[in-house]
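Below is one structure, written out as structure tokens; the observations come after it.
The basis for the numbers below is simple: all heavy atoms, side chains too, and nothing from hydrogens, waters or symmetry mates.
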Amino acid sequence: MSSMASLLRRRVQVRILTVQKKAFSSSSGEGSRILTVQKKAFSSSSGEGSTGKRIEKILIANRGEIACRIIRTAKRLGIRTVAVFSDVDRESLHVKSADEAVRIGPPAARLSYLNAPSIIEAARRTGAQAIHPGYGFLSESASFAQFCEDEGLTFIGPPASAIRDMGDKSASKRIMGAAGVPLVPGYHGNEQDIDLMKSEAEKIGYPILIKPTHGGGGKGMRIVQSPIEFVEAFLGAQREAAASFGINTILLEKYITEPRHIEVQIFGDKFGNVLHLNERDCSVQRRHQKIIEEAPAPNVANDFRTHLGQAAVSAAKAVGYYNAGTVEFIVDTISGQFYFMEMNTRLQVEHPVTEMIVGQDLVEWQIRVANGEPLPMNQSQVPLLVILPLRNRSVVSGLGLNWAESNEMEQEMKTYSYLKGSGKKPEQNVLSNTAGFGTIRHAFEARIYAENVSKGFLPATGILHHYRPVPVSSTVRVETGVEQGDTVSMHYDPMIAKLVVWGENRAAALVKMKNCLSKFQIVSDGSFIGYLWDMINLVAGLPTNINFLQKLAKHWAFENGEVETHFIEHFKDDLFDDPSNLVLANEAYDAAKFSAVLVAACLCEKECCSLKESPPGGKSSLSIWYAYPPFRVHHSARRTMELDWDNEYDSSSSKILALSITFQPDGNYLIETGEENSPDREVKVTHLGNSDFRVEVDGVSSDVSLAVYSKDQTKHFHIWHGSHHHTFRQRIGLQLSTDDEAAHNSSFEVASHSPGTVVAPMAGLVVKVLVKDGAKVEEGQPILVLEAMKMEHIVKAPASGYVHGLQIAAGQQVSDSSFLFRVQAHEISSQYPKPNCIFLAILAQENPN
């Protein structure tokens, strides 16, 4: 942090400037002002630097949040948009947002979003002049870029030659070595003989990293610790590479044991100008995929930052690059050296954090460069400085921002965080409509996924019954491609949204991210990739990684910027629940009981409000029995409620919380749990509308949100208050006996399968069957390979014994929860098998990083 502080001190001479009206000029006029200090604007006409007619209609060859993101900028520039969709995306948000939409095929990506001829035909049918590929899918396909050019369409991205050079990781490393860019020791040759590869691995020295030469996002990557593991890891990586990218060539690299993942955003134009827009740290990852990114990188010296940026620019110039790209480096935290890893020839998932710190719309840059315009600035004009326009809302609409009301904005300006303590006064026009305010900024992006963290981050699917992201503002963006009622599909990446925040420094931005994560509300019924015995405890709904992101953000090492790619592994004891920790288990139980009290009070209040509005028999027959509070003779009205809570510290069973609610004469609720050392709570509730309440307990008033949905004769309740989020269940139309817990548990268990039975975790394709029916197997031995939810997972034997009932074959589709096989031994254990018998490997093409 000291290096960052010194950098800030060296940049202290900042002037407050007026935003130039001519910059980023277009037919939109006043709405086209820029956000950062700059002297040179994009060409305002199709004259200088322009190669022909300007783009007026863009087809977005993608889906989800990135398609919505591109559409926003295009609309601000007055450019019409065309969406493409598969059958399952017909009602998706990106389809609704575009001016036109064209069906391109069935749900499978290879038949729709990877179907280049269908996409080109959609562009022809709609008269689109350009295609924006987004990220993933065809964005790094040199053949698709060339296809667009051959068909007279503008590909909004780099030239096909650069994609080809940088898409082959082996070839790119040879090019980078020739350009003087530092490389990790490894083997990047074309020869793929397994004996040769094993020999090369010995020369490099273990541990080594096996990775495909094409693609990204950790798909096909293997860390190999010893020669014994090499062959199996190599063949598995080849298979996944072929399935994901159509090319199965592999490269080998020395595995750096304590690395950071730092990448540099570069941009080039068609005149040979290339610059970098500072760096991003993407070290916090799970399954080799990023989940929190930030810019600028923490704890980085200014000289290091300069050299890193220069290396990235050299890499881009070596392949004649233009448009947006990202050069990824691996940094050895022990030696302090950085090495070229790969170049992503597209817009990155995490590009919003760069937009936040430089105040530019990178999608707009992409479109302008595709139009043949030069870059708007040179390297010396790229700051870690943002000029905030005061009341000009249209300029930032492409970034997904919704500037606060002018009073709030003026208050932010008056903080003068950069000039604080300098004794200087702001210029007279600082609060005028065209004024800007300069300040160093820091930004975070947190990726919100539908996944079960405790089960190895297994992806999940389901319907979003309740979806309420945090409100956007001048410091908060939410990039999403879904809305309430949508389904998180098994066919594509399970990312629900990207939460992007910024602040005047890292600490302020981190506070903002923690607060926003605590208020991000998602409720869905769901299923996830797992075994039968794991599914028992997830009927409450779609799991997300929000709680895990909160733990990451609150961790002391993350707060200090001490990040590296093994962060989650190194601090797993802090980040994952420990069932043996009785102190934490008791704290969790107390928190759940308090949340249950609030749920009961809010439900009663909502019912009372509903009865007042629509009493039985109509308002004309309003009875005192339905008064508020309900009238009873010689006593207060009472009711009981049982809520079922899944205890994360005891996954073997759920906990029933029995509550007694007494309606008080003053309209409050007295709620008793019946447990010793558990105080009765008097709760005052005000229903604010929909799912929002104001609740007062023990003199403390707070906001509460309650989401409710029903499925399979069960009501599901999700409650948010403060930083807490709890889920509960309640059977509909069935009186649960507290003396017969087994009767309750059976309703959430699947009794039709005996222990040792393995069922399909979800609908998918059988890729390979590895043993025959009747074969003797050992616990953990691979039985078959399934492809589902854009992941390849090897189904292993849950116990030692003999395989029975294995009747499926490669190429066969299996339905969700269908029987696959069972393993029987001479002595069948009554214990459930261990749940860690799935080996996961990323297969997706859509969300590659």
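- Taking the six-membered ring for Trp and thresholds of 30 and 60 degrees, H726 and H724 have nearly parallel ring planes, at less than 30 degrees apart.
- Residue-environment remark: CD (E232) stays at or below the threshold of 12 foreign heavy atoms within 6.0 Å.
- Annotation for I228: atom CD1 does not count as buried by contact number, only 12 or fewer foreign heavy atoms lying within 6.0 Å.
- Within the 4.5 Å cutoff, the side chain of D332 has no heavy atoms near those of the F338 side chain.
- Side-chain contact between L784 and F821: present, with at least one pair of heavy atoms (C-beta onward) separated by less than 4.5 Å.
- Below 30°, between 30° and 60°, or above 60°: for Y113 and F137 the angle between ring planes is below 30°, a parallel geometry.
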Start with the C-alpha gap between H566 and Y255, add the side-chain angles, then the distance that decides, and say whether ring-ring contact (aromatic ring centres under 6.0 Å, His included) holds.
CA-CA 12 Å; H566 301 306; Y255 181 66; 5.7 Å; yes

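- Counting heavy-atom neighbours within 6.0 Å of K254 NZ, excluding the residue itself, gives a total above 12.
- Side-chain contact of H351 with Q265: a donor-acceptor pair under 3.5 Å is absent, judged by distance alone.
- Screening H725, H721, Q521 against S705 for a side-chain contact (heavy atoms from CB on, under 4.5 Å) leaves a single residue, Q521.
- L584 is not listed as a side-chain neighbour of D577, based on a closest heavy-atom distance of 4.5 Å or more.
- Judged by the 6.0 Å distance and 45° axis criteria, R506 is positioned over the aromatic ring of F558.
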